[in-house]
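These notes concern the structure reproduced below.
Protein chains get the first letters and strands the later ones, always in sequence-line order, with residue 1 at the start of each.
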Amino acid sequence: MEASAQIYHNVIMDRFRSPRSAGRPENFDAEAEGNNPMCGDRIHLYFGREGARVSHESEGCAIMIASAELMADAVAGKTPAQIRDLRADFESVVTTGAENPALGDLNALANISEYRSRIRCATLPWATLGLALKEAE
Amino acid sequence: MEASAQIYHNVIMDRFRSPRSAGRPENFDAEAEGNNPMCGDRIHLYFGREGARVSHESEGCAIMIASAELMADAVAGKTPAQIRDLRADFESVVTTGAENPALGDLNALANISEYRSRIRCATLPWATLGLALKEAE
Amino acid sequence: MSASIKLQPFDLAAIRRDFPILESQVHGRRLVFLDSAASAQKPRAVIDAMVFAMEHQYANVHRGLHWMSERTSDAYEAVRDKVAKLLNAASRDEIVFTRNGTESINLVAYTYGRAILQPGDAVVVSEMEHHANLVPWQMLRDAHGVELRIVKITDAGEVDFNSLEEQFADGRVKLLAVTHMSNVLGTYTPVERLAKFAHERGAKILLDGCQAIVHRQVDVQAIDADFYVFSGHKLYGPSGIGILYAKREILESMPPFMGGGDMISSVSYERSTWAKPPHRFEAGTPAILETIGLGAAIDYVEAIGFPAIAAHERELTEHAIAVLSEISGLRILGSAQDRGGVISFTMEGAHAHDIATLLDRQGIAVRAGHHCAEPLMGRLGVTATARASFALYTTIEEIDALAAGLIRVKQVFG
Amino acid sequence: MSASIKLQPFDLAAIRRDFPILESQVHGRRLVFLDSAASAQKPRAVIDAMVFAMEHQYANVHRGLHWMSERTSDAYEAVRDKVAKLLNAASRDEIVFTRNGTESINLVAYTYGRAILQPGDAVVVSEMEHHANLVPWQMLRDAHGVELRIVKITDAGEVDFNSLEEQFADGRVKLLAVTHMSNVLGTYTPVERLAKFAHERGAKILLDGCQAIVHRQVDVQAIDADFYVFSGHKLYGPSGIGILYAKREILESMPPFMGGGDMISSVSYERSTWAKPPHRFEAGTPAILETIGLGAAIDYVEAIGFPAIAAHERELTEHAIAVLSEISGLRILGSAQDRGGVISFTMEGAHAHDIATLLDRQGIAVRAGHHCAEPLMGRLGVTATARASFALYTTIEEIDALAAGLIRVKQVFG
Ligand SMILES: Cc1ncc(COP(=O)(O)O)c(C=O)c1O
Ligand SMILES: Cc1ncc(COP(=O)(O)O)c(C=O)c1O
């Protein structure tokens, strides 16, 4: 299983098994719903403006849930403009497979680039965050 | 051109060039119209009960016109039942290519069997005669 | 190519050699292809027939008087006879060539649906239909005011005849459109009984045979099917060719679907008249090469024989159910009495997509998702399943490889 | 297969070697294939691409997560990019895969025609349309109350702009559907001018490019075409695959044509939502192998280059007109200023069918009949014509063989 380890990286399995940002927070400024009709992945995302706190209620595959988790870590404390840049950088990592040293743990998802149809699993939380950011404006 | 001679037999070219049964007769008992929409072949056929006389006004290819001519010869003096049998025998000659000694000159059209899409040219006059016979009943 | 078909003994090793792609490596492992229900691989005979046409005998059909066109038309039309024989249709004129099973059903919905069915009539489909046998009827409902009703399935995944009685109770049902084999649960439906049921109540029956045709002998006259549809690409033929069978008098009552060359009798600006069936429904240049390829596929399958294919696949299916049932946390969906080699399952803690990706790393191809049957997913209380499906070239070893692969998935997700 | 295309010099002998079928004998003579306008022969590159897919890389597209499906989807979707580039479309999402040009036009008539055009609106077609661009509009007229108008052609076989003005005079015309090249007369229509004409009067324009795409570079943005359709099989690709190009905002406004898998966003019994274009219009398993074959055909044609192809075909056409004009009693139909390598003719005393059969005995394949353009036959005052058509592999010697063959026909029918 060495090959699969490249995709189901420890970081991913760890965050999938023990999510830290899951659940509905008491306070939030915006929320958004995302889903992938092709597979039934579903995420409900909550955004708190102060400190850019993200939490999520997710139902779906390990890639999607881990991606939501890693996203929550990565955007914490960032401005909306920075988050948008991060999203673009992340999407380039998962579509090209080329890691970006500036992205830290998000690079754990780089190898999903081999699976064109799974890239949407990794980007769904980011697309949903995009919606929430618009709502929060 | 030996090969083509098998299809554009002298008998056929002769009857195409100098039709003997063409034109509208003064008296007739039934008439019918046939056409092949795929190529525009068109025949108007007149049938006189007495002596089973057939004449035709035709516009179309050599095969169709020669077939109308040879048919007029072949059915002359026959009963409707005999004509129907003749038609079946003729259709079997032009679809199988096997000559039938009983059919005389009609065998000149046997080689059209090689050209599935031209068989309809040879059988159109016979199908039209079938309509006229029904009308004459 | 071969006029007379000689039955071969079922020699699995030889059969596998007929399919070049089965030699492939994926991620450094021998390919284990368990996704034939989505589309089957192609035997050498199909590839050769298409190559032969392209190299030696090709021109447009029907419209030409020259040798290449006549010979290509012969080869093309010969396949209509083969399909008629495969289905035991009463006449070759009951066979319409389409692109795929989906188009076949849409053709019926657009022509029979709009010209013969009347607003207020009802169409019944089952809870286990592929979208191809649901969405065209929804579109008909929305455009034409025909009611769409859903017959329930039991927890085993079989048609619920009590529910069927209810749906038919008011006498407004004019068409029962139902699958002959579910692409999710593997269920075969009791088609003779369904046809009788529909006919006794004044309704016609359309059978979606996309899955069933691959695995068992189908006799449309014995079933008394009014419509039967399937796709060539699942029957080891090329993509781009599908079949609509319909009884002659029904086809004759139907207006054309698409307009263009070859489907007309004559054309003037004011008015065009239509060719007789089946040509009425075949506008434009057809899928000539694909039809010829389908002919070769039918010859291939018939040479092996459905009894042998069915016996082999039964063995595979029983073995698969046995070994998969031993994996704890794995749940097989559906348990119909009469079922074929399509097995959908879920695994505790692992999403279907993750299962498919982890199996793929081991060279094992399975499908994951809703399998174009979203409403059925809802009925089963899942959002997606993984699905392994078997073909005549599948081996017991491949099923064991699947089981071993799933145990590794459990280790990652355990 | 090749990402970057390198232009080759136009080496006719080498090109002919690329087409295996051109080696064939018919009735003991070397095949002279002058029926490419009906369907073109296939180069080795197309055959190889299809065989490669069937032997090494095949599975259903879009729906799979496994290697074979991902790679097949990549190969399939790459062809959308190739077609977009071929047509210079603004976006790959403007390219819809269909079975053939006929289906492309029917798709527009069923969706745009029924959802956007309103009863009382008018559609204009020309007197020289193929049935594929006439019958769908007649069916729309009869089903939906849209008026169908016919724009005249001149005796030379060109669109008559006076007649066009008249047809548009009352401002009710919403769509001009016209051929880009006549399959009978060889006429190219002035598409930029026609598009400007239509747009200035508030109408859209649909171009039937089935013939034109084979012979010259098409730029849908430069033309400002709203819809452009063609068939793969005439462009040296396989049968079973056609193209509909439409501007993005138009495609987005159109409801789906057929329902089924792959064209939906989500499905429930009450209501389904549609995928975005182009997938909205591609229901069910597409013609995967044929699309891949079309991609190879496009690469092949682009490697030779349209300037070289057009120059070669111009030479052929000029030569053909010169030598055929010398045969007494032979009449060439149409004399448009801008014309391509499709030549229809009649001969005094010999019916087109007899001409075709006699030429066939000499190994020469031409077409005879109404060429799916019955109303045009009426306009020309004939019931049928013989037609010779040229491709990039046609030689001057083949045209001389045709002329010699026709002289023999005259001897038989003289
Ligand atoms: C001008 C024109 N339009 C449409 C068509 C129809 O093409 P197809 O039969 O491939 O749909 C043809 C070819 O027959 C044609 O020449
Ligand atoms: C039961 C069933 N019906 C219909 C279809 C649609 O077949 P196609 O995509 O070939 O039109 C499929 C296959 O996907 C199927 O499994």
To the nearest 0.5 Å, what is the distance between CD on C:Glu103 and OG1 on D:Thr285?
12.5 Å

Could you look at C:Glu270 and say if it's the side chain, the backbone, both or neither that has a heavy atom under 4.5 Å from chain D?
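C:Glu270 touches chain D through backbone heavy atoms alone.
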
Side chain from CB out, backbone as N, CA, C, O: work out which of these in C:Met258 comes under 4.5 Å of a heavy atom of chain D, or both, or neither.
both

Does any N or O in the side chain of [X] come within less than 3.5 Å of the main-chain N or O of [Y], such that one atom is a donor and the other an acceptor?
X        : Y        : result
C:Arg367 : D:His66  : no
C:Glu374 : D:Ser268 : no
C:Asn60  : D:Ser39  : no
C:Asp360 : D:Trp67  : yes

Apply ring-ring contact (aromatic ring centres under 6.0 Å, His included) to residues C:Phe257 and D:Tyr110 and explain how you reach the verdict.
CA-CA 10 Å; C:Phe257 179 31; D:Tyr110 267 103; 5.8 Å; yes

Which one wins on heavy-atom pair count under 4.5 Å against chain C: D:Ser266, D:Ala59, D:Ala356?
D:Ser266

As an exercise: rank D:Arg44, D:Arg99, D:Met263, D:Glu70 by heavy-atom pairs under 4.5 Å with chain C and give me the winner.
D:Arg99

For the residue pair C:Glu290 / D:Ser239, report whether a side-chain donor-acceptor contact shorter than 3.5 Å exists.
yes

Ranking C:Gly261, C:Pro375, C:Gly378 by heavy-atom pairs under 4.5 Å to chain D gives rank one to C:Pro375

Using side-chain heavy atoms (C-beta onward) and a distance below 4.5 Å, is C:Glu55 in contact with D:Ile21?
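No, every pair of side-chain atoms sits at 4.5 Å or beyond.
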
Interface moiety of D:Pro238 toward chain C, non-hydrogen atoms closer than 4.5 Å
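Both parts, heavy atoms under 4.5 Å.
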
